[in-house]
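This report refers to the structure that appears directly beneath it.
Chain naming here is simple, since letters A, B, ... match the order of the sequence lines and numbering starts at 1 in each.
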Amino acid sequence: MPDMVNPLELESDFIKKSEETESRNKFVLNKNDRELLERPRFTFRLHMLLVFLLFSFLSMAIIIGSVIGINRIQKKLHFVQTSERYLFQIEQARRWEKNYFLYNTNLEDAVQSADNAKTLLSQNLKKVITVLSTKETDTIIKHLDRYRDLLQELIVLEKNGIENTEKKEEIETSLRKHGAKMVEVASVLAYEEQESMNAMLDLIQRIPIYCLVVVLLLRVFAARFLTQRLVKPLNHLVKCTRRIAKGDFSPLVPMRKYRDEFTTVEVAINRMLEQLKLHETAMVESHKLRAVGTLTAGVAHELNNPLNNIMLTAHAMLEDHKDLSEDELLEMINDLINEADRSRSIVRNLLDFARESESVSEPLDLGALVSETIKLALNQVKVSGAKIESQIQPSLPRMRGDKQQLKQVFLNLILNAVDAVEKQGNIKISVKKADMPGFLSVQIKDNGCGIPAHILPNIFDPFFTTKGPGKGTGLGLSVSHGIITMHGGQISIETEVGKYTRFTVILPSRSVPANFNRT
Amino acid sequence: MKEKLEILLLDDETIVGNRLGPVLEKVGYDVEVFEDPKKALNRINEKEFDIVITDIMMEDVNGIQILEEVQKKSEKTKVIIITGYATVALAREAMEKGAFDMIAKPFRPNDLRSVVAKAADSLGYKK
């Protein structure tokens, strides 16, 4: 069947080609791909082919079986006819024999019929032996031969014309005995063969029904199996896409012991996940830069204070250095140093946050991290005229995470709160153990405008913003959501229009308190 | 007319008061320095100053509120606003509400002296 080999070859060609393309594109097979691809191949196509072959084989078997069966019946029919002919010849011989004894005619015909019977018997001897036993066959032959011998004897007796009535009667008795025996055995032979043929016909009649049932069952089973093979991985993929949509970009892992057409899809999804991860990183970075931009304006303003102090002090020293006492001079120099320090810390905090760095997971003190973030946003808060209060539970367990990214999340939430409140607005931040054991919670609540219910489902979508063009990227909450999900946490929101908005971030903690020695 | 121009200087940055007090006293003004806006407001209610110099961004009370209070108390008092956050919107608001002038941080002592001198001028003082 050359047609059926082809698809297989095509398949392997396809895989070879795609593997070549992959290596040409310099895709390095990473661990996940290898796990997916190293499984033995059992493609859907091969599966279908096997099922197809099975059914072809089955139908062939049925056809061959029927041909053999019909052939056998034909042979049996033929043999039944032969046995009937044999029976007829014997009966004929007996009729001639009877005629001879009644009217003294037809003795030659009787011999002829017996000879015919003998010829028929010897022609089909093999078959007769298979139907009757060897012993019985011997009996037939013995009776037939004896019958013929007796007839010959009669002929001889007739030719000689000796009217030996005694002998003739003796032969007659013998003839009758053997003749009856012969007829009896021949009838049995014909009957047996007829019976066996009937049984076979019966069977052949029933076989298609059995086959139909078996094929039907097999087909149902095969269909179920194939559907399972299709539906299961599809469902799995649907589940995976849901997970990916929620921001979980961990790669797909092998579900079955073999690879097939779906493996190509899974590998492609893993590639997509890598790209998504890259994009996510880029998005996080670009959103961070935007936050840095916002903060820079605040920092520039905040820097004006120490700068002004330095300028005024330096000028005072310049104008009055001759009249100033040593104590006054010292005080001024200290002021200069302190103000320079203050400038440095203002800039350093921002630079710390803005610095581009690889994403690293390290043990963190969430309370300290939130405090630093508040400091970072303080200028913005001051400019807006809002008030910010923070309550940080002491000795919280440490947690693992990326410092910059988490700062970015809290900064984003604080800046959102600043945007939401009017002047004299209030922003309350709390860091404490979450109700769920093993988790820490950070709440950022403002008494601002709130979020209308109809846009609530969209707030974590990328590029969704209520701020005017050029004001917000619509990435803040989406990026924050991504970062928190990556840290194994959750971000949730409660809000009432015109009253308040409260964002709650929960993050998994480690059991060591934060103020224990830093590892 | 008083002999010495009376000035109230309010900034929550201690150093500003420490340095600017002597700077203005040296050129012959009578200066009262405050760090706490609430205390400054009390003082404004007690006494009529010729010139009030105030920072705009402070905790609790901001410069615009001080300006409004001063204007309620006495129309002729000149208010000079100091700001570290010199936004156009803020400047416009201050000027619309009747501030005499605005000076952005960081500035030199002489910058303030000349603004104060202008204010003194407009009040009829000649130096």
Side-chain angles (χ1 to χ4, degrees), chain A residues 294-325 327-343 346 377-389 418 422-427, chain B residues 9-28 31 33 35 37 53-68 80-91 93-94 97 102-116:
Chain A
T294 311
L295 292 181
T296 309
V299 164
H301 284 143
E302 181 61 21
L303 268 179
N304 281 337
N305 275 323
L307 213 56
N308 188 52
N309 290 340
I310 290 169
M311 191 173 260
L312 292 179
T313 305
H315 273 280
M317 287 168 77
L318 187 68
E319 277 178 27
D320 304 327
H321 64 278
K322 280 178 189 155
D323 312 323
L324 288 172
S325 69
D327 283 349
E328 283 172 319
L329 259 176
L330 259 176
E331 186 201 322
M332 287 189 181
I333 289 168
N334 274 328
D335 281 350
L336 286 178
I337 291 171
N338 289 340
E339 292 304 298
D341 269 349
R342 186 176 153 194
S343 311
I346 291 169
L378 209 56
N379 303 312
Q380 255 58 38
V381 179
K382 259 193 211 163
V383 174
S384 78
K387 281 214 176 59
I388 193 161
E389 282 172 47
V418 169
E422 305 277 310
K423 275 179 189 174
Q424 275 91 46
N426 237 317
I427 301 168
Chain B
L9 175 65
L10 167 65
D11 194 317
D12 57 358
E13 295 275 334
T14 317
I15 294 173
V16 172
N18 285 353
R19 301 290 172 268
L20 288 184
V23 160
L24 294 174
E25 275 163 4
K26 246 173 37 184
V27 287
V31 185
V33 173
E35 272 175 56
I53 304 168
T54 176
D55 190 13
I56 202 157
M57 285 294 173
M58 290 172 293
E59 299 241 342
D60 305 327
V61 186
N62 71 36
I64 302 287
Q65 282 169 285
I66 302 280
L67 169 65
E68 283 165 350
I80 297 166
I81 304 271
I82 304 174
T83 173
Y85 308 93
T87 61
V88 178
L90 201 67
E93 190 186 350
K97 288 196 167 153
M102 221 169 123
I103 187 161
K105 283 181 183 178
F107 57 86
R108 292 156 194 245
N110 280 342
D111 298 337
L112 183 68
R113 281 191 189 122
S114 66
V115 173
V116 171

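B:Leu20 touches chain A through its side chain: at least one heavy atom from C-beta onward sits under 4.5 Å away, while N, CA, C and O do not. Proximity to chain A is absent for every atom of B:Asp11, based on heavy atoms less than 4.5 angstrom apart. For A:Glu302, the parts lying under 4.5 angstrom from a heavy atom of chain B are both the backbone and the side chain.
Remark: A:Leu307 CG to B:Phe107 CZ distance equals 11.5 Å, nearest 0.5 Å. Considering CG of A:Asn305 and NZ of B:Lys105, their distance stands at 3.5 Å, rounded to 0.5 Å.
In this structure, the side chains of B:Arg19 and A:Asp335 come closer than 4.5 Å at one or more pairs of heavy atoms. Side-chain contact between B:Ile15 and A:Leu312 is absent, with no heavy atoms from C-beta onward closer than 4.5 Å.
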**Request:** Would you please test B:Lys26 and A:Asp320 for side-chain contact (heavy atoms from CB on, under 4.5 Å) and show each step?
**Result:** CA-CA 10 Å; B:Lys26 246 173 37 184; A:Asp320 304 327; 2.4 Å; yes
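Side-chain contact check for B:Glu13 and A:Asn308: no donor-acceptor pair (N or O, by modelled atom type) lies under 3.5 Å.
Around the CZ atom of A:Arg342, the shell of radius 6.0 Å holds more than 12 heavy atoms that belong to other residues, nucleotides or ligands.
In terms of the side-chain hydrogen bond (donor to acceptor under 3.5 Å, both in side chains) criterion, residue partners of B:Asn110 (sequence neighbours excluded) are, by chain and number, B:Arg113.
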